[in-house]
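In what follows, a structure is listed as structure tokens, so that the remarks can point back to it.
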Amino acid sequence: MFKNILLATDGSEHSNRGIEQTLKMISPYKDNAHIELVYAVDGEKSKKDVLKHGDSHTATAKRKEKFLDTIQFIEGQGVNADITILHGEPAETLIEYANNGNYDCVVIGSRGRNKLQTLILGSVSHKLVKYVKSPVIIVK
């Protein structure tokens, strides 16, 4: 039974499928579960957000606002949830955060890249499966 779940998200459709699947997975014991949405902002995106919003505190607040509806949706399903914003290269940042936390599992949506894209760009979900110490569920 997975009670403390790290759900890697970027607000995309792929992430939303991960959220839906996680809610289905924990539905029998949702009152005892906690989902922590984790958004890892890479350096380039972080710089653009700071320039757009004026400072890093405002940029972080705007990022959290982006996930407010998602948190409310999850909590509306009877599941405790919150959002954590991290900074750094997504795969490495998520791996370190997951391995330093006490998570029963990590859930991530798959982008569905083709073999060439995966070879050139790498895959965050593949890296998580390889290096995260707890079980990792990839949702297609």
Side-chain angles (χ1 to χ4, degrees):
M1 180 164 45
F2 301 129
K3 290 185 178 180
N4 193 25
I5 301 163
L6 185 156
L7 202 152
T9 188
D10 60 5
S12 69
E13 178 67 30
H14 311 288
S15 296
N16 292 339
R17 286 196 304 266
I19 292 166
E20 291 169 11
Q21 188 60 42
T22 301
L23 290 171
K24 287 178 190 175
M25 178 178 71
I26 64 170
S27 66
Y29 54 89
K30 65 183 179 183
D31 295 342
N32 298 317
H34 176 263
I35 296 174
E36 181 178 359
L37 294 171
V38 179
Y39 177 39
V41 184
D42 68 19
E44 191 62 32
K45 173 76 172 139
S46 183
K47 288 176 190 174
K48 287 179 184 177
D49 285 350
V50 169
L51 289 173
K52 180 179 176 182
H53 298 294
D55 62 66
S56 62
H57 296 294
T58 304
T60 297
K62 292 291 184 185
R63 288 183 197 116
K64 286 187 177 189
E65 277 180 27
K66 174 182 176 179
F67 293 100
L68 185 59
D69 289 342
T70 304
I71 295 294
Q72 290 174 343
F73 171 75
I74 293 169
E75 289 179 341
Q77 304 300 307
V79 180
N80 184 11
D82 57 17
I83 179 75
T84 299
I85 308 291
L86 303 175
H87 298 275
E89 196 286 318
E92 283 76 14
T93 303
L94 289 166
I95 291 164
E96 181 180 350
Y97 190 77
N99 287 339
N100 288 327
N102 186 25
Y103 299 99
D104 298 316
C105 78
V106 173
V107 178
I108 185 167
S110 174
R111 274 207 164 140
R113 290 183 171 151
N114 66 37
K115 289 182 183 181
L116 179 62
Q117 290 171 319
T118 300
L119 178 66
I120 294 169
L121 300 172
S123 165
V124 173
S125 58
H126 177 76
K127 290 175 186 174
L128 266 62
V129 168
K130 192 170 182 177
Y131 297 109
V132 169
K133 295 174 186 172
S134 59
V136 176
I137 298 171
I138 300 174
V139 179
K140 288 183 166 188

[X] versus [Y], closest heavy-atom pair with distance:
X	Y	answer
F67	D10	CZ-C, 4.0 Å
P90	V124	CB-CG2, 4.3 Å
K64	I85	CG-CG1, 3.9 Å
A40	L94	CB-CG, 4.2 Å

Please round to the nearest 0.5 Å and tell me the distance separating atom [atom1] of [X] and atom [atom2] of [Y].
X	Y	atom1	atom2	answer
I74	T22	CD1	OG1	8.0 Å
S123	L128	OG	CG	8.5 Å
I26	N32	CD1	CG	10.0 Å
R17	H14	CZ	NE2	5.5 Å
I83	I35	CD1	CD1	11.5 Å
D82	I71	CG	CD1	6.0 Å

Quiz item: Can you pull the side chain to side chain donor-acceptor pair (under 3.5 Å) pairs that have at least one residue in residues 69-80, sequence neighbours excluded?
Solution: none

Quiz item: For residues 95-109, which residue pairs qualify under side chain to side chain donor-acceptor pair (under 3.5 Å), counting only residues two or more places apart or in two chains?
Solution: E36-Y97, E36-Y103

Practice problem: Would you check if Y39 and L86 make a side-chain contact, meaning some heavy-atom pair closer than 4.5 Å? | Solution: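 SC-SC contact between Y39 and L86 ruled out.
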
Quiz prompt | Side-chain heavy atoms of L23 within contact of V79, under 4.5 Å | solution =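 The answer is yes, as the side chains (C-beta and beyond) meet within the 4.5 Å cut-off.
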
Self-check item: With sequence neighbours excluded, residues passing ring pair (Phe, Tyr, Trp, His ring centres under 6.0 Å) with F2
Solution: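 So F2 forms no ring pair (Phe, Tyr, Trp, His ring centres under 6.0 Å) with any residue.
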
Quiz item: Do M1 and I5 share a hydrophobic cluster, counting only Ile, Leu, Val, Met, Phe, Trp and Tyr and linking them when any side-chain heavy atoms are less than 4.5 Å apart?
Solution: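 Yes.
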
Quiz item: Would you say S27's side chain and K24's backbone share a donor-acceptor pair under 3.5 angstrom?
Solution: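 A pair under 3.5 Å: yes.
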
Sequence neighbours excluded and cut-off under 3.5 Å, please list the side-chain donor-acceptor pairs for residues 132-140, or say none.
none

